[in-house]
Protein chains: 2
Amino acid sequence: MVTYQINKEKLEKAAFILKTVAHPTRLAIVDLLAQNEKLSVNEMCEVLECEQSLLSHHLINMKLKGILRSEKDGLNVFYSLKEREVMKLIECIEHCDCNY
Amino acid sequence: MVTYQINKEKLEKAAFILKTVAHPTRLAIVDLLAQNEKLSVNEMCEVLECEQSLLSHHLINMKLKGILRSEKDGLNVFYSLKEREVMKLIECIEHCDCNY
DNA sequence: TTTATATATGAAGATATTATCATATATTTG
DNA sequence: CAAATATATGATAATATCTTCATATATAAA
C-alpha cells in the first residue's frame with residue numbers, strides 16, 4: 001500500500017514559498033541579501049542590472065510573502081532577509097546537480 | 001561596495017529546478033517518491049487524486065528536467081527520484097516557517 | 001485478434017506570472 | 001517652495017504555466 005504523509009496545506013505552503021524564490025532575479029536578491037545584511041533598492045538595482053520598477057515589484061512581492069522585511073531610512077528603503085533559513089534553500093540547490 | 005558572487009547561469013539553473021518543484025502536485029510527487037522507492041503513474045494518480053493525463057504531464061515534465069527517472073514494466077511505467085537530493089528541499093522548506 | 005488497461009500526446013482554453021511604462025508619493029536639498 | 005532623488009503603484013501587454021479533453025499508442029489478457 002502506498003503511503004502519503006505530508007498534508008495538502010503543508011504542500012501548498014511549501015510550493016508557495018518555493019514559487020516566491022523560483023525566479024532568477026528573486027534568487028539573486030536572496031543571494032545578495034545573504035551576503036549583505038541589508039541593501040537599498042537602488043543598490044540592488046545597480047548590481048542586478050534590473051529596472052527599478054521591476055525590482056520594486058519583486059521586492060514588495062517577496063516581502064508580502066514573508067521572505068523579506070524592509071525599513072525606511074530617509075529616501076532609501078532597505079530590504080533584508082526575514083528568514084535567514086531561506087539561504088539554506090540556495091545551498092541545497094547548489095548541491096543538487098540535476099542534469100537536464 | 002556591494003558584492004555579488006553567484007553567476008547568472010547558476011541562478012538560472014537553480015530557478016529552473018525550483019520552478020519544477022514549486023507546485024503542490026509536483027511537490028507531493030517528490031514527497032511520495034521520497035517515501036516510496038518507485039511508483040507507477042496509476043498508483044500516484046490514486047493517492048494524489050489527480051487526473052491521469054494531468055499527472056502524466058507533470059511526471060514527464062519533471063523527468064525532462066532531471067528530477068525523475070522512469071522505467072517501463074509491462075503496462076506500467078514506474079517513476080522514481082533521480083536526485084534524492086531533491087528531498088532535502090522539502091526538509092528545508094519544512095523548517096522554514098515564513099509567515100505570510 | 002478483439003478488448004481492456006496504462007500511459008502519453010497534443011491542442012486549446014483558462015489562468016497566472018513577468019515585464020514595461022507612465023506616473024504617483026515621499027523625502028531631502030538648494 | 002521648487003527641484004531632485006528614491007521608491008511604489010497600477011494598468012496593460014507579453015509570456016508562461018496549468019488544466020482539460022479527446023485521442024493515440026503500447027502492452028497484456030481473454
Side-chain angles (χ1 to χ4, degrees), chain A residues 2 8 11-30 32-33 36 38-80 82 100, chain B residues 2 8 11-30 32-33 36 38-80 82 100:
Chain A
V2 179
K8 256 189 185 170
L11 282 173
E12 258 156 38
K13 185 180 170 188
F16 186 85
I17 297 170
L18 280 174
K19 250 189 183 171
T20 303
V21 164
H23 184 285
T25 302
R26 293 196 297 262
L27 219 42
I29 291 169
V30 171
L32 212 44
L33 290 176
N36 303 268
K38 56 169 111 169
L39 292 171
S40 71
V41 180
N42 233 5
E43 286 173 313
M44 291 193 256
C45 258
E46 282 171 15
V47 183
L48 300 178
E49 295 171 1
C50 180
E51 200 246 332
Q52 182 274 316
S53 160
L54 181 52
L55 189 59
S56 235
H57 279 302
H58 279 308
L59 290 169
I60 286 162
N61 181 257
M62 290 169 83
K63 183 184 171 184
L64 203 77
K65 290 181 179 171
I67 306 275
L68 305 181
R69 81 163 66 77
S70 73
E71 69 193 278
K72 195 162 187 182
D73 179 10
L75 270 181
N76 301 294
V77 174
F78 289 93
Y79 282 88
S80 55
K82 190 168 174 192
Y100 51 91
Chain B
V2 180
K8 256 190 186 171
L11 282 172
E12 260 158 35
K13 186 181 169 186
F16 186 85
I17 296 171
L18 280 173
K19 251 189 183 172
T20 302
V21 164
H23 184 284
T25 303
R26 293 196 297 263
L27 218 44
I29 291 169
V30 171
L32 212 43
L33 289 175
N36 303 269
K38 55 169 109 170
L39 292 172
S40 71
V41 180
N42 233 3
E43 286 174 314
M44 290 193 256
C45 259
E46 283 171 14
V47 183
L48 300 178
E49 295 171 2
C50 180
E51 199 244 334
Q52 181 274 315
S53 160
L54 180 53
L55 188 59
S56 237
H57 280 302
H58 280 309
L59 291 169
I60 286 162
N61 180 259
M62 291 169 84
K63 183 185 171 183
L64 203 79
K65 291 182 178 167
I67 307 274
L68 304 181
R69 81 161 69 74
S70 72
E71 69 192 278
K72 195 163 186 178
D73 180 10
L75 270 181
N76 300 295
V77 173
F78 289 92
Y79 282 87
S80 54
K82 191 169 173 191
Y100 50 90

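Chain A is the first sequence line, chain B the second, and so forth, proteins listed ahead of strands; every chain is numbered from 1.
Residues passing the side-chain contact (heavy atoms from CB on, under 4.5 Å) test with B:Glu49, sequence neighbours excluded: none. Here B:Thr25 pairs with nothing under the side-chain hydrogen bond (donor to acceptor under 3.5 Å, both in side chains) rule; sequence neighbours left out. Not counting sequence neighbours, the partners of B:His58 by the side-chain hydrogen bond (donor to acceptor under 3.5 Å, both in side chains) test are B:Arg26. Every residue meeting the side-chain contact (heavy atoms from CB on, under 4.5 Å) condition with A:Ile60, not counting sequence neighbours, appears here in chain and number order: A:Ser56, A:Tyr79. Residues passing the side-chain contact (heavy atoms from CB on, under 4.5 Å) test with A:Glu46, sequence neighbours excluded: none.
For A:His57, the side-chain atoms get nearest to C:dT20 when compared with the rest of C:dA6, C:dA19, C:dT20. Candidate nucleotides C:dA8, D:dT7, C:dG10 were compared by shortest atom distance to the side chain of B:Ser56, and C:dA8 ranks first. The side chain of A:Ile60 lies closest to D:dT9, out of C:dT20, D:dT9, D:dT19.
Contact detail for B:Leu39 and B:Met44: the closest heavy-atom pair is O-CE, 3.5 Å. Contact detail for A:Leu55 and A:Val41: the closest heavy-atom pair is CD2-O, 3.4 Å.
Here D:dA8 presents its C1' atom at 11 Å from NZ of A:Lys63, a figure rounded to the nearest Å. In this entry the distance linking CD of A:Glu46 with C1' of D:dT7 reads 14 Å, nearest Å. Remark: C1' of C:dT7 and CG of B:Leu48 are 16 Å apart, rounded to the nearest angstrom. Atom P of nucleotide C:dT7 and atom CG of B:Asn61 are separated by 18 Å, given to the nearest angstrom. A straight line from CD of B:Glu71 to P of D:dA26 spans 20 Å, rounded to a whole angstrom. Atom CG in B:Leu64 sits roughly 10 Å away from atom P in C:dT9 (whole-Å rounding). Distance, B:Leu55 CG to D:dC18 P: 14 Å, rounded to whole Å. Atom-to-atom, CZ of B:Phe78 to C1' of C:dA8 comes out at 16 Å; the value is rounded to the nearest Å.
In terms of position on DNA chain D, the residue among B:Leu54 and A:Asn42 whose nearest nucleotide sits closer to the 5' end is A:Asn42.
Every pair passing side-chain hydrogen bond (donor to acceptor under 3.5 Å, both in side chains) that includes a residue from residues 66-75 of chain A is listed here, sequence neighbours excluded: A:Lys38-A:Glu71, A:Lys63-A:Ser70, A:Arg69-A:Ser80.
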- Whether each nucleotide of nucleotides 22-30 of chain C has a protein heavy atom under 4.0 Å at its base (B), only at its sugar-phosphate (S) or at neither (-) is summarised, 5' to 3', as B---BBS--
Could you write out each protein N or O paired with an N or O of nucleotides 12-17 of chain C at a distance under 3.5 Å?
residue: C:dT17; atom: OP1; partner: A:Lys19; partner atom: NZ; Å: 3.2

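Side-chain atoms of A:Asn76 and A:Glu43, non-hydrogen and from C-beta on, never get closer than 4.5 Å to each other. Contact check for A:Ile17 versus A:Ile67: side-chain heavy atoms found under the 4.5 Å cut-off.
Taking 4.0 angstrom as the limit, B:Tyr79 places a side-chain polar atom (N or O) nearer than this to OP1 or OP2 of C:dA8.
Remark: A:Ile29 CD1 to A:Leu59 CG distance equals 4.5 Å, nearest 0.5 Å. To the nearest 0.5 Å, atom CD of residue B:Gln52 and atom NE2 of residue B:His57 are 9.0 Å apart.
End-to-end axis angle of the helix from C:dT1-D:dA30 to C:dG30-D:dC1, using five pairs per end and rounding to 10°, comes to 10°.
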